[in-house]
Amino acid sequence: MTNPGAARKPIVFSGIQPTGQIHIGNYFGAVKRWAAEQDKYENIFCLVDMHALTVPQDPAVLRDKTFETAAILLAAGIDPAKSHLFVQSDIAEHGELAWYLSCVASMGQLNRMTQYKEKAEKQREGSRVGLFTYPLLMAADILLYRTNEVPVGADQKQHVELTRDLAERFNSTFGETFVIPQPVIPPVGARIMGLDDPTKKMSKSTQKAGHAVGVLDAPDVIRKAVMSAKTDSGTEIRFDPERPGVTNLLSIYMVATGSSQEEAEARFEDKGYGDLKRTVAEALIEELRPLQERYRELREDAAALSTLLTASANAIRPTARTTINTVKRAMGVGH
Ligand code: ATP
Ligand code: LTN
């Protein structure tokens, strides 16, 4: 029972694409914090399978990954008693609101999105229209639920800022309709870099061996990836923007062990890169062990996962419908 006298908790919304291998960047930059902060918020987490379609996907793999990602989130501590956890395509209102927002946003606004530019560059003329309009679907995800805060990694900040701009433009054109959301970026772990190239963000769509550590990777695989991480010339182990390899490993150490920057630097004073890498690998293995154990149990029961996702979508759909009805009334569509 909710206490009618109690102040309402702020609403948190975030999404993750059910694609590729969920890696430690996704985990430390987003998922771990979602789980840790569940008591402070009304929580809404979404497996954004429609976003995944912006680049080509194998249908059977996409469906399987949706279950895999749901099980990873639950194993990471997302508690269905405290959080909604549902699949984007189960709620038609996401696509519906994205259309209305596409008639509010300008081409110029979308052209300024850096993620689109980076991803489209790889595919040139073949890139999908959906890749360009992707931020509108993301804005719809957020605005449908009257979201106050959006916890994401640093790469998504620009998209949340666009969402704010669109909501403000809509409100000033059509009257107060949307709550203006706030991006929340963690102080450490917001941008874990690739182990093979510490100048590029660790990314699910980069499938090279040695690039990422997957949250489901076996201990040996983790050791191998971390031990072969690219480091810089020099020997000193401290945070230094000129030495992104060592800085990245120290950041991973901090988030995996909960240490401060001073503690991390002190721990490796007078130590070599080999020691740093071994320690980081073991810290990751320890951090991920309980998640992997819970994951294996959850993954076995696909029917239970499906039931949970459906129930959550059914519970939250009326909120989305209410927003759409307000938007339609404000814009003058429908009768
Ligand atoms: P892709 O690179 O294929 O687009 P992704 O790795 O960015 O995928 P998403 O599902 O798009 O994965 O992101 C889920 C969450 O993880 C988002 O909040 C995103 O900001 C965060 N995130 C992604 N990569 C990193 C990273 N390297 N460091 C920290 N957070 C990250
Ligand atoms: N675009 C995000 C995933 C995403 C999201 C959202 C995050 C889709 N909708 C709404 C926060 C809020 C990504 O690619 N990481």
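Values reported hereafter were calculated over all heavy atoms of this structure, with side chains retained and with hydrogens, waters and symmetry mates removed. In listed order, ligands and their atoms are each counted from 1. In this text, all values refer to a predicted model and were calculated from it rather than measured experimentally.
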- line: ligand 1 atoms nearer than 4.0 angstrom to some heavy atom of Ala30 are 15 (C), 16 (O), 18 (O)
field: Nearest heavy atoms of Val179 and Leu143, plus distance in Å
entry: O-CD2, 3.7 Å
message: Looking at ligand 1, would Ala190 count as a contact under a 4.0 Å heavy-atom criterion?
response: yes
query: Quick one: does ligand 1 sit under 4.0 Å from the side chain of Asp155, the backbone, both or neither, non-hydrogen atoms only?
result: side chain
- prompt: Under 3.5 Å, is there a donor-acceptor pair linking the side chains of Tyr27 and Glu287?
  reply: yes
Step-by-step side-chain contact (heavy atoms from CB on, under 4.5 Å) determination, Ile324 to Leu97: CA-CA 7 Å; Ile324 290 286; Leu97 181 56; 3.7 Å; yes
Ligand 1 contacted by Met193 (non-hydrogen, < 4.0 Å): no
query: What part of His23, side chain from CB on, backbone N/CA/C/O, both or neither, has a heavy atom under 4.0 Å from ligand 1?
result: side chain
query: Can you find an N or O of Gln115 that's nearer than 3.5 Å to an N or O of ligand 2?
result: no
query: Is Lys119 touching ligand 1 with its side chain, its backbone, both, or neither, if touching means heavy atoms under 4.0 Å apart?
result: side chain
query: Are more than 12 heavy atoms from other residues, nucleotides or ligands located less than 6.0 Å from atom NZ of Lys200?
result: no
query: Mind checking whether Gly15 has an N or O less than 3.5 Å away from an N or O of ligand 1?
result: no
query: Gly189: heavy atom below 4.0 Å from ligand 1, yes or no?
result: yes
- prompt: Would you say the side-chain atoms of Thr114 and Gln158 include a donor-acceptor pair closer than 3.5 Å?
  reply: yes
- prompt: Considering only heavy atoms, does Arg191 approach ligand 1 within less than 4.0 Å through its side chain, its backbone, both, or neither?
  reply: backbone
- request: Please determine if Asp64 and Arg299 form a salt bridge, counting it only when a charged side-chain N lies under 4.0 Å from a carboxylate O.
  value: yes
field: Distance-only donor-acceptor check, side chains Gln207 and Gln21, under 3.5 Å
entry: no
- prompt: At a non-hydrogen distance cut-off of under 4.0 Å, which region of Val152 contacts ligand 2 (side chain, backbone, both, or neither)?
  reply: side chain
